[in-house]
Amino acid sequence: MMLRIRSRDGLERIQVDGPQITIFQLKTLIESQLQIPIQNQTLSTDQNLLLAKTLADLLRFSDMTDPSIPLSALNLSHGSIIFLYYHGERTVRGGPTVSPAGSFGRKMTMDDLIAKQTRITRQESPHCDSVSFDRDSANAFQRFVNETLAFASKRGGFMYGTVTDEGRVEVDFIYEPPQQGLEDDLVLLRDPEEEKLVDAIAAGLGRKRVGFIFTQTIMQEKKDYNFSNREIIQAAELHAESELKEWVTVVVKLEANEDGAADVHFEAFQMSDMCVKLFKDGWFVTEFGENDDPKLSKMKKDVVVGGKDVKEVDNDFFLVVVKIFDHQGPLSTSFPIENRKNLVTLRALKSHLDRTKSLPFVKRISDFHLLLFLAKSQGLGSDVPALAECVNTQTAVPEGYQLLIESMANAA
């Protein structure tokens with residue numbers, strides 16, 4: 001059977017006799033097939049092994065330290081991924097050979113010299129400590145893609161919140177722009193005027209744009225990758241546009257659990273500094289063919305990965321894992337969300353206000369999606385940021401605004 005071995009050099013494959021072999025036998029095969037001495041190897045099924053910096057970090061990964069355990073005991077089978085940390089240097093299998101021409105070797109152009117200096121390595125630490133989701137906002141997003149879209153088409157949204165002094169990104173609501181979701185691509189039909197309204201409302205709420213969230217579909221063959229090449233480019237573009245070092249990209253996917261049932265998973269990453277730089281400098285090939293491997297990003301020029309010149313880079317080299325938490329934010333997410341299949345009308349506003357009539361008025365409008373509806377469809381664009389400030393400070397809404405909003409609802 002075939003196993004995939006992921007190390008700092010990327011993804012490599014080895015052949016083994018079957019799941020009955022022991023960890024020691026596996027290490028022996030790695031030594032013979034990948035030229036890494038047994039004593040230099042640390043193996044684990046946990047991808048965080050690749051972020052280890054010290055011996056103490058390595059000792060935390062103990063699931064594959066017993067040499068006598070068979071692979072079957074770890075539920076490893078054909079196609080499984082094992083993470084490998086190793087000490088020392090190696091010659092990567094299939095690396096280039098150097099053939100000098102003339103006394104001083106071949107002539108190099110300036111592009112060659114720049115490419116030689118462009119080394120793709122893993123970025124060990126993100127610029128943000130972690131990301132925390134408002135539970136209701138995250139649930140509203142995943143419920144729509146799960147129950148309505150059935151993960152058959154892609155969906156995305158911009159995350160708004162705050163960045164704490166400790167570098168923690170706290171997401172309090174998600175704005176879903178107009179978009180076209182396909183099986184393997186997501187086209188954002190961005191409306192600059194609408195986005196200006198969104199940013200103005202967010203500023204009134206004391207929030208700003210802090211990241212992007214998107215879904216993968218059940219039709220994508222994603223066993224070998226976290227992001228596809230298309231997703232890498234879209235995420236890098238939005239990260240570069242943000243100019244926010246703590247910017248977070250979150251992927252939502254449907255995966256089978258141990259019982260065979262499907263679970264929704266949220267995974268958070270930052271695009272590496274090198275990835276964002278390469279995108280800004282125009283190094284990525286942005287046209288894709290039917291036979292292109294989705295787990296590899298194509299470069300317009302050679303880059304150095306694991307000591308060899310390549311034009312295809314494993315997408316995982318561009319991702320930095322970010323920890324995920326959740327919290328209960330101050331805003332509600334009960335008003336219908338913008339740019340979905342159903343048109344939001346004044347009847348929705350009336351229903352929302354009727355449902356919350358026992359609350360103070362400022363609480364009744366403490367919903368980003370309601371504020372955006374008022375700004376877009378009721379001609380209150382310039383006034384809504386002031387309403388948002390009332391929501392942010394939880395101070396009384398001026399009577400004139402309250403009467404206007406209630407009269408709109410009653411006209412439904």
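For reference, positions follow the sequence shown, starting with 1. If you're wondering where the values come from, they're calculated on a predicted model, not measured in any experiment.
Annotation: cation-pi geometry satisfied between R122 and F317 (NZ/CZ under 6.0 angstrom from ring centroid, within 45° of ring axis). F144 carries R340 over the face of its six-membered ring, with the cationic atom under 6.0 Å from the centre and within 45° of the normal. A cation-pi arrangement is present between R209 and F158, with the terminal nitrogen or guanidinium carbon under 6.0 Å from the aromatic centre and inside a 45° cone about the axis.
Environment of CD in Q15: crowded, with over 12 heavy atoms of neighbouring residues, nucleotides or ligands closer than 6.0 Å. Within 6.0 Å of the CZ atom in F325, the count of heavy atoms belonging to other residues, nucleotides or ligands exceeds 12. Within 6.0 Å of the CG atom in D354, the count of heavy atoms belonging to other residues, nucleotides or ligands exceeds 12. By the neighbour-count criterion of 12 heavy atoms within 6.0 Å, atom NZ of K363 is sparsely surrounded, having that number or fewer from other residues, nucleotides or ligands.
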task = Take Q41 and L84 through the test side chain to side chain contact (heavy atoms under 4.5 Å, CB included) and record every step on the way to the result.
result = CA-CA 7 Å; Q41 301 175 26; L84 164 65; 4.0 Å; yes
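In terms of heavy atoms, P398 sits closest to C390 at CD-SG, 3.9 Å. Annotation for D172 and P330: closest pair OD1-CD, 4.1 Å, computed over non-hydrogen atoms. Of all the heavy atoms in R119 and M274, the pair that sits closest is O-CE, 3.6 Å. Across N315 and P294, no two heavy atoms sit closer than the pair ND2-O, 2.9 Å. Of all non-hydrogen atoms in E124 and L51, the two that sit nearest each other are O-CD2, 3.6 Å.
Under 3.5 Å, the side chains of Q47 and D316 contain no donor-acceptor pair of N or O atoms. Checked by atom type, the side-chain pair E194/Y175 shows a donor-acceptor distance below 3.5 Å. Side-chain atoms of Q220 and E231 form a donor-acceptor pair, as typed in the model, at a separation below 3.5 Å. Checking Y225 against D314 by side-chain atom types alone, no donor-acceptor pair falls below 3.5 Å.
Partners of D136 by side-chain contact (heavy atoms from CB on, under 4.5 Å), not counting sequence neighbours, listed by chain and number: D134, Q328, T333.
Atom CG of residue L254 and atom CG of residue N146 lie 6.0 Å apart, to the nearest 0.5 angstrom.
In this structure, the ring of F318 has its center less than 6.0 angstrom from the ring center of F284.
The pair E406-K357 fails the salt-bridge criterion, with no side-chain N (NZ, NE, NH1 or NH2) lying under 4.0 Å from an Asp/Glu carboxylate O.
F214 and F227 have perpendicular rings, their planes meeting at more than 60° on a 0 to 90° scale where under 30° would count as parallel. The aromatic rings of H352 and F335 lie perpendicular to each other, with more than 60° between the two planes, well past the 30° mark.
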